[in-house]
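Here's the structure we're looking at; comments come further down.
Letters A, B, ... mirror the listed sequences (proteins, then strands); counts begin at 1.
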2 protein chains.
Amino acid sequence: MSATIKDVAERAGVSIATVSNVVNGSRFVSDDLAEKVRQAIVELGYQPNPLGRALRKGKSFTIALILPDHSNPFFVQVARGVEEQARRREYGVITCNTDEDPELETFYVASLLKRKVDGFIVSPTFRGGETLQPLIAHGAPLVVVDRYIDGMKVDEVFSDNEGGAYEATEHLVSLGHRRIGLLAGIPGISSIEDRVAGYKRALAEHGIPEDESLIAQGCSQIKEGASSTESLLKQRGITAIFSTNNMMTLGALQCFKNRGIRCPDDVSLIGFDDSEWASAFTPSLTVVAQQSYEMGYSAGDLLFEAIARGKGEHKTRAIKLQTVLISRESTGRPSEPRPRKEVHRSATSGEKNKQSPSTKSGTRRPSR
Amino acid sequence: MSATIKDVAERAGVSIATVSNVVNGSRFVSDDLAEKVRQAIVELGYQPNPLGRALRKGKSFTIALILPDHSNPFFVQVARGVEEQARRREYGVITCNTDEDPELETFYVASLLKRKVDGFIVSPTFRGGETLQPLIAHGAPLVVVDRYIDGMKVDEVFSDNEGGAYEATEHLVSLGHRRIGLLAGIPGISSIEDRVAGYKRALAEHGIPEDESLIAQGCSQIKEGASSTESLLKQRGITAIFSTNNMMTLGALQCFKNRGIRCPDDVSLIGFDDSEWASAFTPSLTVVAQQSYEMGYSAGDLLFEAIARGKGEHKTRAIKLQTVLISRESTGRPSEPRPRKEVHRSATSGEKNKQSPSTKSGTRRPSR
DNA sequence: CTGAAAGCGCTAACAC
DNA sequence: GTGTTAGCGCTTTCAG
């Protein structure tokens, strides 16, 4: 169909080796021959076939990006960062969505390993690392993102989740909250568990006793966030909720709405990870922002470095990104202890617009 | 590194052709040989190298998915549909985000054409189709999704945008609105233009004069949605806004919030395309829902069919998907004509909870 | 500095 | 039924 290197060689009256050399600059070619070749290339509209190249070099010039939730804008930003890196290098990225399902992750890992992609960036569904075992056994270039795995030496990029959660919790404490509910995500995911740890440390350091009944071990989706919030609200005296995940934060809002809970008047809400829409909500959301784009971007850096280095020594690197608290309307001082009455769907929205005391504005890299 | 077909052949004491035949089932192989081969395969952990296969067959077993905005959950759902189709067929999907930039689209098209992917699903940035010209010239299997292009015969899958917009507008009219603002998206995109057409037809059929000052030719992002809303609100007597795009709807909400506009009390809002979070907003959003997942899924169907058919006759197919109006809280009857006072940041949220008259609940396919 | 030729791993004629 | 062999398009020794 399209012209091959052979066609070009014939047309230019040179050997295919010479064509290859001018295309790749792999060896010096005299000016006159090079010129002839270039001309032939233009005339024939020759495009090197990457399939041949791939086979010969044993590389596919493709990487795999395996993420747990494409609906979560956080991961979308991560993907953008990765894609930008790939684009510069003329690499393709095959993106897969596991929906937090380890089985699906295992499937994708196997499938892409067969496919002989040159490297993997994955946000694993489980910190045990079982799903990534095949990759490690195979020695494929790998960097984990957002979540690390235990006891395995791999490149990793993630947020300071413990610190960010600490800051979030402290923010609530400093506003006067003592009974702070936690929407914890799926257990077994490092980022989530670190956030839980940060929450607990903040409580401890402020002399607030831990109360397991205030921790809702949820999942990661909107629906589950809503139902977990539902049960948290049954706990007496709860005045604030810290949601460890984007989607659950949405669920909490939905629950508030259905139950006629006013936020922050009745209960404050702080979320983990910012998003474009966080400021469009009523109330706008106080959040701990992550550097999502950079996370993907850095992961790309590490991966392509590993790919370039080849299967040599693997001096593993870890990059930890700082978070920043963005204070908006959803957090405020707790209201005076009041008789807890069960309001059902009397949907009254907040009226007062309590501005939180300190408002840092986070800087986020533009998406492109 | 890993075992090749040759290794297997040697180990099983057969020819490589036989190995190939048992792997692919392309020819009959006697039971005993087949068994030997299968055993050798297991012992060596042989995985056929797709690169060799690809080169030989002139197919990469990869498709390209080029979408304009990964931040928009609509396209995320489309992508899920496509990916599901690809997964079943052991195809890889290279997903690209043009951010509505024709240049980037052109780059990706060229880049993936070089890459020799087997087919393209794209949601083009411009209905003129210039960006897709190389694909068409090359005869690559192609299906356009969400948006069609003019004067070119290609497979296409899209929503009944005109009908959906008509329904949206009529919904507002039936509530009593007469001066209805339109947040139109980027011009030159078929879906958007069809929505504008639907809006105009609805007005015309109800004897409402068209007023260009009520049409804000915006873009597709949150920010632009907010600023366009800002200018729409300057128009006298406006009581409702129809937003033709997901992200702009968010922008409108943001603007309402900043300006202290109560929705739907001061102005009603209806959006195009539903999303998981639409019901978490205050007020929850009335929208025209699209079958986003199916859109991707159907596009996958068409594309793989075209790929299978080869470069033969191209009996182009068009699939039009129905939309459904989901009535929630953001639309209501217009309030009595009131003196228009400019309220700045007096952020008062709505208190009453007007339920819209008719509430259909749309059925949407689960994401997986 | 350039060309000839081997071969990456696989499939598909073509033989027997 | 099975084996032999010729490439797919490219890169890269190895000779000159």
N49(A) atom CG is separated from dT11(D) atom C1', nearest whole Å, by 13 Å

Tell me whether the side-chain N/O atoms of R53(A) come closer than 4.0 Å to OP1 or OP2 in dT11(D). yes

From dC1(C), dA5(C), dT2(D), pick the nucleotide closest to the side chain of F28(A)? dC1(C)

Is there a donor-acceptor contact under 3.5 Å linking the side chains of S111(B) and R87(A)? no

Check if the side chain of R56(A) and the base of dG9(C) share a donor-acceptor pair of N or O atoms closer than 3.5 Å. no

Please state how far atom NZ in K116(B) lies from atom P in dC10(D), giving the value in whole angstrom units. 8 Å

L67(B) pairs by side chain to side chain contact (heavy atoms under 4.5 Å, CB included) with which of D146(B), V145(B), N97(B)? V145(B)

Output yes when at least one side-chain N/O atom of T18(A) is less than 4.0 Å from OP1 or OP2 of dT2(C), else no. no

Using atom CD of E10(B) as one end and atom P of dG3(D) as the other, report the distance to the nearest whole Å. 13 Å

Considering only dG3(C), dT2(D), dA5(C), which nucleotide approaches the side chain of I16(A) most closely? dA5(C)

So P68(B) and F75(B), do their side chains get closer than 4.5 Å, heavy atoms only? yes

Report which part of the nucleic acid N24(A) touches: base, sugar-phosphate, or nothing (heavy-atom distance under 4.0 Å, all strands). sugar-phosphate

Determine the contact category for P48(B): base if any of its heavy atoms lies under 4.0 Å from a base atom, sugar-phosphate if only primed atoms, P, OP1 or OP2 are that close, otherwise nothing. sugar-phosphate

Pick the nucleotide of DNA chain D nearest each of G52(B) and D32(B); which residue has the one closer to the 5' end? D32(B)

Sub-4.5 Å side-chain heavy-atom contact between M295(B) and Q77(B): no

Rounded distance (Å) that lies between atom P of dG1(D) and atom CG of D31(B): 10 Å

So, does S30(A) get its side chain near the phosphate of dT2(C), meaning an N or O under 4.0 Å from OP1 or OP2? yes

Against the side chain of I5(B), the closest entry in dA12(C), dT2(D), dC10(C) is dC10(C)

Audit row: D118(B), R89(B), salt bridge (Lys or Arg N to Asp or Glu O under 4.0 Å) steps and yes/no: CA-CA 13 Å; D118(B) 297 345; R89(B) 296 168 169 84; over 6 Å; no

For K6(A) and dT11(D), give me the distance from atom NZ to atom C1', rounded to whole Å. 16 Å

Looking only at side-chain atoms of A17(B), point me to the closest of dT12(D), dT11(D), dG3(D). dG3(D)

Describe, as an angle rounded to 10 degrees, how the axis at the first end of the helix from dC1(C)-dG16(D) to dC16(C)-dG1(D) is tilted relative to the axis at the last end, five pairs per end. 50°

Answer with base, sugar-phosphate or nothing: what part of the nucleic acid does L33(A) contact at a heavy-atom distance below 4.0 Å? sugar-phosphate

Of R27(A) and N21(B), the one whose closest nucleotide on DNA chain C sits nearer the 5' end is R27(A)

With respect to R317(A), which candidate in D155(A), V143(A), V154(A) satisfies the side chain to side chain contact (heavy atoms under 4.5 Å, CB included) definition? D155(A)

Taking only N and O in the side chain of S15(A), is any of them less than 4.0 Å away from OP1 or OP2 of dG3(C)? yes

Rounded to the nearest Å, what distance is computed from the CD atom of residue E35(A) to the P atom of nucleotide dT2(C)? 13 Å

Have a look at L55(B) and say if it touches a base, only the backbone sugar-phosphate, or nothing, with a 4.0 Å heavy-atom cut-off. base

With V93(A), which of I121(A), V117(A), I63(A) fulfils side chain to side chain contact (heavy atoms under 4.5 Å, CB included)? I63(A)

From NZ of K59(B) over to P of dG9(D), roughly how many Å is that when rounded to an integer? 16 Å

Run E100(B) and R147(B) through salt bridge (Lys or Arg N to Asp or Glu O under 4.0 Å) and show every step you take. CA-CA 12 Å; E100(B) 298 286 9; R147(B) 308 161 175 191; 2.7 Å; yes

Remember a base hit wins even if backbone is also touched, and classify S20(A) as base, sugar-phosphate or nothing at under 4.0 Å, heavy atoms. base

